[in-house]
Amino acid sequence: MTTTRRRTTRKKKSAPDLPDVQPSTEADGIAQGLSAEEYARAVEICGRPPNLLELGIFSVMWSEHCSYKSSKKWLRQFPTEAPWVILGPGENAGAVDIGDGLAACFKMESHNHPSFIEPYQGAATGVGGILRDVFTMGARPVAILNALRFGDPDHPKTRHLVAGVVRGIGGYGNCVGVPTVGGECEFDPAYNGNPLVNAMAVGIAPADRIFTAKAEGAGNPVVYVGAKTGRDGIHGATMASTTFDDEAEQQRPTVQVGDPFTEKLLIEACLELMATDAIVAIQDMGAAGLTSSSFEMASKGGLGVELALDRVPMRETGMRPYEIMLSESQERMLMILKPGQEAVAEAIFTKWELDFAVIGTLTDSGQMVLTWNGETVADVPIRPLADESPEYDRPWVETVPPAPLDRASLSPLGDWKTALTKLLGSPNGSSKRWIWQQYDHMVMGDSMVVNGVGPGGDSALVRIHGTARALALTSDCTPRYCQADPRQGGMQAVAEAYRNLSATGAKPLAITDNLNFGSPQRPEIMGQFVGCTQGMAEACEALDFPVVSGNVSLYNETNGQAILPTPVVGGLGVLDDLSKAVNIAFPAGGLELVLIGETDGHLGCTAYLRDVLGRTGPDAGPPPQVRLAIEKRNGTFVRSIIGKGLVAACHDLSDGGLLVAAAEMALASGIGCSLNITEVSAAMLFGEDQGRYIVATAHASAVLSAAYAANVPAGKLGVTGGDALTLNRGRSISLQDLRASHEGWLPSYADSET
Amino acid sequence: MIRAEVRVMLKNGVLDPQGQATRKALAHLGFSDVEAVRQGKLIVLDLNTDDRAAAEAEARAMASKLLANPVIEDFSVELLDA
Amino acid sequence: MIRAEVRVMLKNGVLDPQGQATRKALAHLGFSDVEAVRQGKLIVLDLNTDDRAAAEAEARAMASKLLANPVIEDFSVELLDA
Amino acid sequence: MSLRAGVVVFPGSNCDRDGAVALAMVAGRKPKMIWHQDTKLPPLDLIFLPGGFSYGDYLRCGAIAAHSPVMREVVAAAKKGVAVLGVCNGFHLLTESGLLPGALIRNAGLKFVCRSVDLTVERTDTPYAGRYTQGQSLSIPVAHGDGNYTADADTLARLNDEGRVAFRYRDNPNGSADNIAGIYNETGRVLGMMPHPERAVEPMLGSSDGLGLFQSIAEVLA
Ligand SMILES: Nc1ncnc2c1ncn2[C@@H]1O[C@H](COP(=O)(O)OP(=O)(O)O)[C@@H](O)[C@H]1O
Ligand SMILES: [Mg+2]
């Protein structure tokens with residue numbers, strides 16, 4: 001336990017000798033990633049050239065990651081309010097009212113680049129970071145989701161990345177004891193040089209006790225808790241390009257390693273302290289560590305802050321102020337305490353064997369003052385640095401969607417069974433059981449099993465502990481749609497999340513997002529960003545499904561090869577009566593199947609085109625249109641019939657269309673079905689028209705008349721039963737064969753050595 | 001047959017949560033003069049060869065290709081007789 | 001300061017799933033003359049003492065009390081200079 | 001009398017709440033939560049060592065926690081005949097502290113595995129299994145990376161001969177010797193098992209097959 005013990009530096013240096021306090025030049029600014037103009041603004045704000053330490057602060061605070069300078073303008077389009085929204089974007093996580101005096105706090109974040117460099121640790125620390133965002137708010141984390149995108153399975157790096165990332169997510173989540181309940185996993189060559197690892201965390205807090213990062217009360221102590229600070233993750237380019245290269249080897253930044261055990265202790269200690277009345281404000285140290293956490297707390301409160309950096313608990317000897325301020329060591333938090341509460345807090349952190357140090361105080365100077373062994377080493381104004389953080393309206397060009405497909409040019413369907421088997425067994429269509437069985441998806445004893453099935457449905461269902469309610473959680477995005485038509489793709493990601501929640505009976509409340517794109521400095525990429533966010537905003541507006549938190553990850557490209565535009569949507573809904581929840585598994589034979597929604601047979605951009613006909617990109621035509629009013633009407637209808645107890649199982653239609661959805665329902669329970677479809681064509685069987693659901697019901701006539709009354713297209717599709725999937729009383733394919741294909745691909749791919 | 005030992009340790013500066021937890025546990029057990037603990041892997045390979053130079057080269061190749069993760073780990077190789 | 005290395009290996013006869021998997025993976029990478037692979041732990045202790053005999057005794061005590069599980073593991077101790 | 005149960009909380013335990021919820025269901029009162037640094041135990045009928053990652057499972061699963069102050073008390077209590085149930089990481093603790101023989105090593109598949117498994121009840125004349133029938137099949141989840149039970153041949157023979165195997169896997173998820181999923185000590189009052197009965201106590205969790213174990217405890221030990 002360290003409190004305010006001073007570390008002796010190996011070579012004791014007085015502040016004026018430190019390279020950190022040498023004045024910077026424009027070249028230093030550029031080397032640290034600022035533009036010439038941004039550097040000039042920094043000089044103006046300081047009234048002198050900032051020293052190298054101060055420059056480091058400008059450079060991280062004005063980085064794309066912290067300042068959202070390319071995306072801000074477009075994020076403002078998102079609707080962020082609804083009667084149930086407690087906190088929208090701007091805090092560590094968003095918060096919505098989920099009834100019973102409780103709030104759900106949730107957010108998604110990317111760890112793409114670190115996961116490419118070191119898949120296990122990159123993914124693990126991604127989970128750790130997003131959990132901190134949630135428990136910082138006073139919420140106990142109750143669920144994790146993970147949205148993964150990898151390159152071509154045949155690319156030499158892919159297998160190793162899949163194995164490492166999945167192990168990393170499990171390694172962290174399993175150890176902290178928060179269930180990983182759902183996610184996505186797709187493969188596409190566009191991610192060869194840049195996989196995506198997005199993690200979402202959900203926590204539950206008392207609605208009237210949500211903690212924020214807004215500092216208050218000059219004179220209040222600033223307290224550091226958690227793990228010690230090392231040289232982890234200090235921006236490599238920054239380090240290499242400054243004059244800081246004595247002891248170069250020793251000071252080389254290192255990969256961040258996660259310590260889930262310490263995180264678990266930090267969760268328990270923070271929640272224990274939060275139950276007292278000691279905390280004024282709290283903020284985790286995420287990207288840009290101590291710099292952005294202290295800066296944000298002070299700037300939100302309109303205050304100044306003074307930190308004695310020599311009091312920061314350090315893991316390594318010889319660390320300098322610059323390194324301490326920029327370190328991204330994990331499992332650390334910064335808090336402002338009420339005066340006199342230090343002892344209460346310290347006792348709790350000592351009990352959990354965590355470091356605790358009072359490292360500074362809030363001031364009313366409006367300045368961030370950093371000292372090192374008593375000498376001032378940085379002194380920068382907070383407000384101007386925050387207010388004048390750059391914002392760009394980057395040039396963009398609109399993506400022109402491909403011309404409609406000429407259906408006549410497509411080869412005929414042939415045997416539907418072959419196509420179905422292929423779709424269910426393709427890398428993207430195959431079961432992701434191999435992944436989620438490596439995650440403890442049940443710990444905490446609230447992961448619901450419906451119709452005998454846990455994970456693998458449209459949304460994960462997590463009981464709200466001690467209540468009769470449940471959260472429904474999903475993450476969705478169809479990047480190939482976004483690439484072909486960003487606006488439609490953006491809408492579709494939101495609409496699919498809405499459908500996945502509705503299909504369980506849950507009322508969709510709000511979303512978080514993770515916007516993964518290539519370089520915003522390329523107008524065509526910026527055009528994808530603009531289009532996707534416009535589409536998302538429209539959909540959120542129309543569906544009453546506001547954005548309450550999110551994350552932007554740009555520059556996802558390697559050698560000029562950008563990823564597919566991938567705006568991942570994390571949706572949260574609530575079921576007021578968990579006993580009414582349904583999932584995709586047929587619970588019995590003899591039920592009738594009803595198809596809800598309209599089928600035109602849209603084949604453009606479908607999984608069928610990609611996986612069966614091998615057509616992708618501009619060759620694959622435009623994606624299906626999302627009709628938001630219809631989405632809302634159909635979703636509302638589906639929830640209402642589930643609420644009335646008319647539904648035994650429900651699944652939305654997405655990748656692979658009707659036949660894939662029916663097969664997934666049958667495979668989930670092992671009970672087959674027999675379908676009647678007038679036109680056996682690729683368009684009818686595998687088209688991806690939006691806004692559709694399959695419902696299994698023992699009350700078909702009630703469902704149909706309710707649909708008629710609600711003006712929702714609905715028609716009988718077939719019946720459940722048997723151990724095969726049969727079309728028009730004719731040919732059938734056994735579930736055993738379908739299962740072999742669906743469950744076979746991922747394990748055989750991921751567990752093989754070559 | 002030659003026995004090669006590959007020792008894999010986390011690089012200097014890389015956080016070693018296992019080592020830290022072990023150090024604390026040793027302190028609780030009363031082993032108070034343990035300054036630091038680092039935990040690594042030891043991989044013992046029995047190689048079907050009698051050529052020591054070849055064995056060493058092969059063990060190094062295996063270490064850099066598979067046994068160690070160059071992003072966070074260093075390794076060293078030592079030959080014993082099996 | 002004395003540096004002690006504690007090497008912990010699974011006992012002969014105890015199945016080593018990691019070692020087996022590593023051997024398979026090495027074979028797939030084309031390292032074909034690997035007869036056997038065993039994987040163990042290397043725990044490096046920095047001890048605040050200059051008495052080599054005491055350091056060795058202490059390291060052995062730590063190993064038998066905590067660092068190795070006598071049911072499945074053997075250990076050995078070696079001293080280096082820190 | 002209602003069951004006096006205690007749930008020991010180590011740094012890194014994460015099934016402590018789940019265990020407490022299951023015990024409260026059968027005991028009619030909340031179990032006592034016991035901190036790992038406590039040096040005195042209250043009077044208890046059952047000590048529950050929960051699953052999770054005590055001390056991160058660093059070094060070896062359960063190794064560090066096995067040396068915590070409270071474990072000395074647990075061992076002493078067990079020797080006096082107090083019933084001790086260790087699930088998952090709790091099973092690791094029981095082997096590490098010598099209350100049960102053998103050890104649990106890395107799963108044969110090297111991966112963490114979280115799924116439902118089918119178990120056979122091997123014995124019913126213990127405080128834990130009275131509600132089951134001999135040979136009954138139970139569906140109970142596992143969630144572990146190191147559940148591969150191993151022991152030397154003599155120990156295995158002894159466990160089998162003395163009827164000390166509590167449950168066996170019908171589809172072994174981890175490579176355990178003789179499909180062992182759980183074992184008893186000589187008296188049958190100490191039980192260590194890898195599957196999580198506390199995760200199978202209500203239909204909403206997918207199975208209620210674990211409830212019988214807790215009901216047996218409440219019936220016999222209270
Ligand atoms: N990386 C993952 N982690 C956990 N669960 C996953 C992962 N990838 C896919 N799944 C699960 O597999 C099921 C199918 O996923 P997906 O095809 O993306 O569903 P949908 O089309 O309904 O959105 C879902 O239940 C999802 O949660
Ligand atoms: Mg779905």
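Proteins get letters first, then strands, A, B, ... in listed order; numbering begins at 1 in each.
When the candidates Asp33(B), Leu67(B), Leu26(B) are compared by the number of heavy-atom contacts under 4.5 Å with chain C, Asp33(B) comes out ahead.
Separating the CZ atom in Arg3(B) from the CG atom in Asp46(B) is a distance of 4.0 Å, to the nearest 0.5 Å. Separation of atoms CE (Met9(C)) and CD (Glu73(C)) is listed at 10.0 Å; rounding is to 0.5 Å. Once rounded to the nearest 0.5 Å, the distance linking CZ of Phe31(B) with CZ of Arg23(B) reads 14.5 Å.
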Decide yes or no on side chain to side chain contact (heavy atoms under 4.5 Å, CB included) for Arg52(B) and Ile2(B), but give the supporting numbers first. CA-CA 7 Å; Arg52(B) 294 180 67 84; Ile2(B) 293 176; 3.7 Å; yes
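The shortest distance between side-chain heavy atoms of Asp74(B) and Val8(B) does not fall below 4.5 Å. Between Ile72(B) and Lys11(B) the shortest side-chain heavy-atom distance does not fall below 4.5 Å.
At least one donor-acceptor pair under 3.5 Å links the side chain of Asp50(C) to the backbone N or O of Met1(C). Under the 3.5 Å distance criterion, the side-chain polar atoms of Gln20(C) are left unmatched by any main-chain donor or acceptor of Asp16(C).
Taking non-hydrogen atoms and a 4.5 Å limit, the residue list of residues 35-45 of chain C in contact with chain B, ordered by number, reads Glu35(C), Ala36(C), Val37(C), Arg38(C), Gln39(C), Gly40(C), Lys41(C), Leu42(C), Ile43(C), Val44(C), Leu45(C). Scanning residues 55-65 of chain C against chain B with a 4.5 Å non-hydrogen threshold yields Glu58(C), Ala61(C), Met62(C), Lys65(C), sorted by number.
With a 4.5 Å cut-off on non-hydrogen atoms, Gln18(B) does not touch chain C at all.
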